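All residue numbers refer to positions in the sequence shown, counting from 1. Just so it is clear, the model here is predicted, and its values are computed rather than measured.
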Amino acid sequence: MFIGGIIAKVLPSINPKSYIRCVRDNTGATMQAIELSEEIKTAFEGVLLKDGIGINQADRIESRQRDVLIQKGRNLDRMWWTEWTDIQDKYVSSYSDVMYYMDSAGIKWTLPAYMTYIVNHYKEGSFSIDSTIYVLEAGGLGVDKVDLYTDAQRKVIAKFLQFMVEVGEAYVDVESAQNALDKVWGEYLT
């Protein structure tokens, strides 16, 4: 636990248990994942859901529930999470298809939580991993097709996809990640 205490003081936003697991992993991608997680956090700092479609609301839209239940999902999104950093990994791994039903504000709010989860858990096989890559391959826009990203956010999305291409061969759809870079996000790597 001593190393965890040191990590918590040096990198307060990194969970020491996750870091220790990564150190044991020995893939060489550990520091890159930590740095990318921090870049994601910085680029999307302050992004709020506001009037966007969140995880619970999108899940209820996907399952074609009645309007009153969709509204309850909308209310849950606002009760459970104030910021995207409040979204726990268990929700990211469980709600794999929700971004297909979100508007651009919802995706912009949800995407950093998904990317952060993925860079730290890409070997675990959650459907959320490839689903997120597919959303980015299609441009990362919601059902309303509005681009709300800043240049810093576009750049970190491109870095995320590049990371997936570099380390994900056996775990993620690298071809789709490369397509997303080639068609949409690669220009932001410079």
Side-chain angles (χ1 to χ4, degrees), residues 4 11 13-25 27 29-30 32-41 43-44 47-49 52-65 69-70 72-103 105-138 140 142 153 156-157 159-177 180:
L11 298 168
S13 63
I14 301 296
N15 180 342
K17 291 179 183 174
S18 296
Y19 181 81
I20 291 167
R21 185 180 66 242
C22 290
V23 169
R24 290 186 189 133
D25 189 20
T27 64
T30 304
Q32 190 178 1
I34 292 170
E35 291 170 7
L36 183 54
S37 293
E38 284 299 311
E39 287 183 54
I40 293 167
K41 184 176 180 180
F44 285 88
V47 172
L48 302 173
L49 180 57
I53 298 171
I55 292 172
N56 286 297
Q57 183 180 3
D59 181 57
R60 289 164 189 229
I61 292 169
E62 176 186 18
S63 58
R64 300 173 189 251
Q65 293 186 11
L69 297 176
I70 291 171
K72 285 184 180 183
R74 182 177 182 81
N75 296 341
L76 285 175
D77 287 325
R78 281 136 184 91
M79 285 184 350
W80 289 0
W81 305 301
T82 303
E83 298 184 20
W84 66 266
T85 53
D86 297 332
I87 303 171
Q88 298 169 345
D89 288 350
K90 67 182 181 181
Y91 296 105
V92 173
S93 66
S94 298
Y95 291 91
S96 58
D97 293 335
V98 292
M99 281 194 262
Y100 296 118
Y101 299 91
M102 291 181 177
D103 58 1
I107 291 178
K108 182 177 178 177
W109 173 74
T110 306
L111 184 60
Y114 277 67
M115 290 190 302
T116 302
Y117 168 81
I118 292 166
V119 298
N120 292 301
H121 303 282
Y122 64 91
K123 293 182 180 181
E124 295 178 11
S126 168
F127 290 118
S128 295
I129 297 167
D130 285 339
S131 181
T132 301
I133 291 171
Y134 301 150
V135 166
L136 293 173
E137 185 179 22
Q153 292 163 350
V156 80
I157 292 168
K159 285 183 173 185
F160 162 78
L161 290 165
Q162 185 176 39
F163 179 78
M164 290 293 98
V165 168
E166 291 171 2
V167 302
E169 184 72 36
Y171 308 102
V172 304
D173 187 344
V174 172
E175 183 179 337
S176 288

Main chain of [Y], side chain of [X]: is a donor-acceptor contact present, judged purely on distance under 3.5 Å?
{"X": "Asp89", "Y": "Tyr117", "result": "no"}
{"X": "Asp173", "Y": "Asp130", "result": "no"}
{"X": "Arg74", "Y": "Ile70", "result": "no"}
{"X": "Asp77", "Y": "Asn56", "result": "yes"}
{"X": "Arg60", "Y": "Leu69", "result": "yes"}

I'd like to know whether Glu124 forms a side-chain contact (heavy atoms from CB on, under 4.5 Å) with Ser126, so could you lay out the CA-CA distance, the side-chain angles of the two residues, the decisive distance to 0.1 Å, and finally the verdict. CA-CA 6 Å; Glu124 295 178 11; Ser126 168; 5.7 Å; no
Might you point out which heavy atoms bring [X] and [Y] nearest each other, and give the distance in Å?
{"X": "Ser131", "Y": "Ser96", "value": "OG-O, 2.6 Å"}
{"X": "Asp86", "Y": "Trp81", "value": "O-CD1, 3.3 Å"}
{"X": "Ile118", "Y": "Ser128", "value": "CD1-O, 3.9 Å"}
{"X": "Val98", "Y": "Tyr95", "value": "CG2-O, 3.6 Å"}
{"X": "Trp109", "Y": "Leu48", "value": "CD1-C, 3.6 Å"}
{"X": "Ala105", "Y": "Gly52", "value": "CB-CA, 3.9 Å"}

Once rounded to the nearest 0.5 Å, what's the spacing between atom [atom1] of [X] and atom [atom2] of [Y]?
{"X": "Met115", "Y": "Thr110", "atom1": "CE", "atom2": "OG1", "value": "11.0 Å"}
{"X": "Ile53", "Y": "Ile107", "atom1": "CD1", "atom2": "CD1", "value": "9.0 Å"}
{"X": "Ser176", "Y": "Met164", "atom1": "OG", "atom2": "CE", "value": "13.0 Å"}
{"X": "Ser94", "Y": "Phe127", "atom1": "OG", "atom2": "CZ", "value": "12.0 Å"}
{"X": "Met99", "Y": "Ile55", "atom1": "CE", "atom2": "CD1", "value": "8.5 Å"}

Is the shortest heavy-atom distance from the side chain of [X] to the side chain of [Y] under 4.5 Å?
{"X": "Ile129", "Y": "Tyr171", "result": "no"}
{"X": "Gln153", "Y": "Leu111", "result": "no"}
{"X": "Tyr100", "Y": "Glu62", "result": "no"}
{"X": "Glu166", "Y": "Gln32", "result": "yes"}
{"X": "Trp84", "Y": "Tyr114", "result": "no"}
{"X": "Val47", "Y": "Pro112", "result": "no"}
{"X": "Val156", "Y": "Leu36", "result": "yes"}

Parallel, tilted or perpendicular for Tyr91 and Trp80, by the 30°/60° rule?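 The rings of Tyr91 and Trp80 sit tilted, inter-plane angle from 30° to 60°.
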How far apart are the C-alpha atoms of Phe44 and Lys108, what are their side-chain angles, what is the distance that settles it, and do they pass the side-chain contact (heavy atoms from CB on, under 4.5 Å) test? CA-CA 8 Å; Phe44 285 88; Lys108 182 177 178 177; 4.2 Å; yes
Is it the case that over 12 heavy atoms from other parts of the model lie below 6.0 angstrom from the CD atom of Glu175? no
Using the side-chain contact (heavy atoms from CB on, under 4.5 Å) criterion, which residues pair with Val174? Sequence neighbours excluded. Val165, Glu169, Val172
